[in-house]
Amino acid sequence: MKKSIIRDINLASQGDKKLQWVRNHMPILNHLENDFVKGQYFKGKKVVVCLHLEAKTGYLAQVLKAGGAEVAVVASNPLSTQDDVVAALVKDGIKAYAWYGASNEEYLEHLNAALDFGPDLIIDDGGDLVALLHKERSDQIKEIIGGCEETTTGILRLKAMSKEKQLKFPMMAVNDAYCKYLFDNRYGTGQSVWDGINRTTNLVVAGKNVVVIGYGWCGKGVAMRAKGLGANVIVTEIDPIKAIEAHMDGFRVMPMQEAASTGDFFITVTGNCNVIRKEHFLEMKNGAILANAGHFDIEISKKDLSEISFEKKTVRANIEQYCLPNGNSLYLLAEGRLVNLAAGDGHPAEIMDLTFAIQALCLQYVMNNKGNLKADVYPVPDDIDKKVAKLGLSTLGIKIDSLTYEQISYLESWDA
Ligand SMILES: NC(=O)c1ccc[n+]([C@@H]2O[C@H](COP(=O)([O-])OP(=O)(O)OC[C@H]3O[C@@H](n4cnc5c(N)ncnc54)[C@H](O)[C@@H]3O)[C@@H](O)[C@H]2O)c1
């Protein structure tokens, strides 16, 4: 097993403070941690956690370790790693293979080092770890009991693998749990995208035209919070139902080509590639700000942007100016990577409390069902979703009603 690959262990005390802060704001994980300490459910198991390596993820890794697992962490994105948090995890006895700003070669080296750890269970975000296991480390697959996938894009990739009978172990579609996408994708992305953009640009949003590309769960959150900040929100979509939804939610809907000349801010959240490209850049106003919140940095075509620009320079941390021959400058945030993580701290702790509670319980579910689950993509069981929702309500001090016997029988009858 390789020793940890990190930037600087001396950053640990700073990382510890970040971990303590989120620990104080993630009561559902606190509850699971207490249970895991008693139960030691993961004893003898090795877990590789491949997620955005900031404090909330760090705490999830610590919770799994508290449950008896040997844990290694690796970054799912080279620009979201917080070196101080990673150092604190290593001090705490967790293996780590990541540093901020890793090159593509280093990123691959880190993923390989994490797999050298020899996991029984994995948590992936975007599918890179699973893809590497299947493409280059297939001899290791027989050791993997299964795992969990965090995000929409990763689940799309897993389903494509499963359809072609290429997926070789069971994976839980964590993103598709109600307690994940309803809150994480919508409210988490909604808030943290604007946190990332605002702290990076320090520009006003009120009165500006904000173009949200993609009105899925993340896009709804980004548009809703843009409206709250006083922006005029425009939505572009390819799905007619989502387009009507955006219209009824009070937003202008139009094709990207039309929106291109109108927007002051453009935010992509489609999970698709090249949704903003050459013909759109050429129509944009001078000073337009471009940001992506979808999983990969392929939604805004950096290739096209480079090709049509005669100069590119960094004008502020996480802002690159592209100078076009027509005299306009376009500003790309965080190299087109997830703006809320690469230029911010990601979703609020209370939101990730729900998501990571689902992760921890799904990982336990996969382990407990070794041999019963085939190599496929599985939905999160309803009882896990409900358990996390109930724990969430109780930590918020919110009580709800229960059905009476009369109501149950009414709802189950057809001739009442
Ligand atoms: N930034 C974050 O922290 C964060 C959090 C969760 C998910 N994600 C990622 O964000 C992306 C979107 O996730 P989601 O859960 O909202 O997915 P979703 O499937 O709910 O929504 C995506 C939407 O984009 C639309 N779309 C696709 N191609 C388009 C195009 N060319 N033009 C306009 N619209 C288009 C689809 O019709 C769909 O409505 C994924 O890559 C996901 O992994 C990011």
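In each ligand, atom 1 is the first atom listed, and ligand 1 is the first ligand listed.
Tyr59 has its ring centre no less than 6.0 Å from the ring centre of His25.
Distances from ligand 1 to the non-hydrogen atoms of Tyr181 include no value under 4.0 Å.
At a 3.5 angstrom cut-off on N or O pairs, Ile213 does not count as close to ligand 1. Residue Lys180 has no nitrogen or oxygen atom sitting less than 3.5 Å from a nitrogen or oxygen atom of ligand 1, judged on distance alone. Considering backbone and side-chain atoms together, Asn185 places an N or O closer than 3.5 Å to an N or O of ligand 1. Every N/O-N/O distance between Asp184 and ligand 1 stays at or above 3.5 Å. Considering backbone and side-chain atoms together, Asn175 places no N or O closer than 3.5 Å to any N or O of ligand 1.
In Lys242, the part holding a heavy atom less than 4.0 Å from any atom of ligand 1 is the side chain. Both the backbone and the side chain of Thr152 come within 4.0 Å of ligand 1, judged by heavy-atom distances. Contacts with ligand 1 closer than 4.0 Å are made by heavy atoms of both the backbone and the side chain of Thr153. At a heavy-atom cutoff of 4.0 Å, ligand 1 is contacted by no atom of Met256, backbone or side chain. Residue contacts with ligand 1 for Thr189 involve side-chain atoms from C-beta outward but no N, CA, C or O (heavy atoms, distance under 4.0 Å).
Between the side chain of Asp120 and the backbone N or O of Lys45, no donor-acceptor pair lies under 3.5 Å. Counting only distance, with no hydrogens or angles, the side chain of Lys302 and the backbone of Glu335 share a donor-acceptor pair below 3.5 Å.
In this pair, Tyr181 and Tyr178 present their aromatic rings tilted. The plane angle is within the 30 to 60° band.
Close contacts between ligand 1 and Asn340 involve ligand atoms 1 (N), 2 (C), 3 (O) [criterion: under 4.0 Å to a heavy atom].
With 3.5 Å as the limit, one finds a donor-acceptor pair spanning the side chains of Gln20 and Asn24. For Glu299 and Asn272, the side-chain atoms include no donor-acceptor pair closer than 3.5 Å. Residues Glu136 and Asn112 have side chains that never bring a donor and an acceptor to within less than 3.5 angstrom of each other.
When hydrogens are left out, the protein atom nearest atom 10 (O) of ligand 1 is Gly294 CA, 3.5 Å; that is the closest non-hydrogen contact.
In this structure Arg277 satisfies the salt bridge (charged side-chain N to carboxylate O under 4.0 Å, His left out) test together with Glu279, sequence neighbours excluded.
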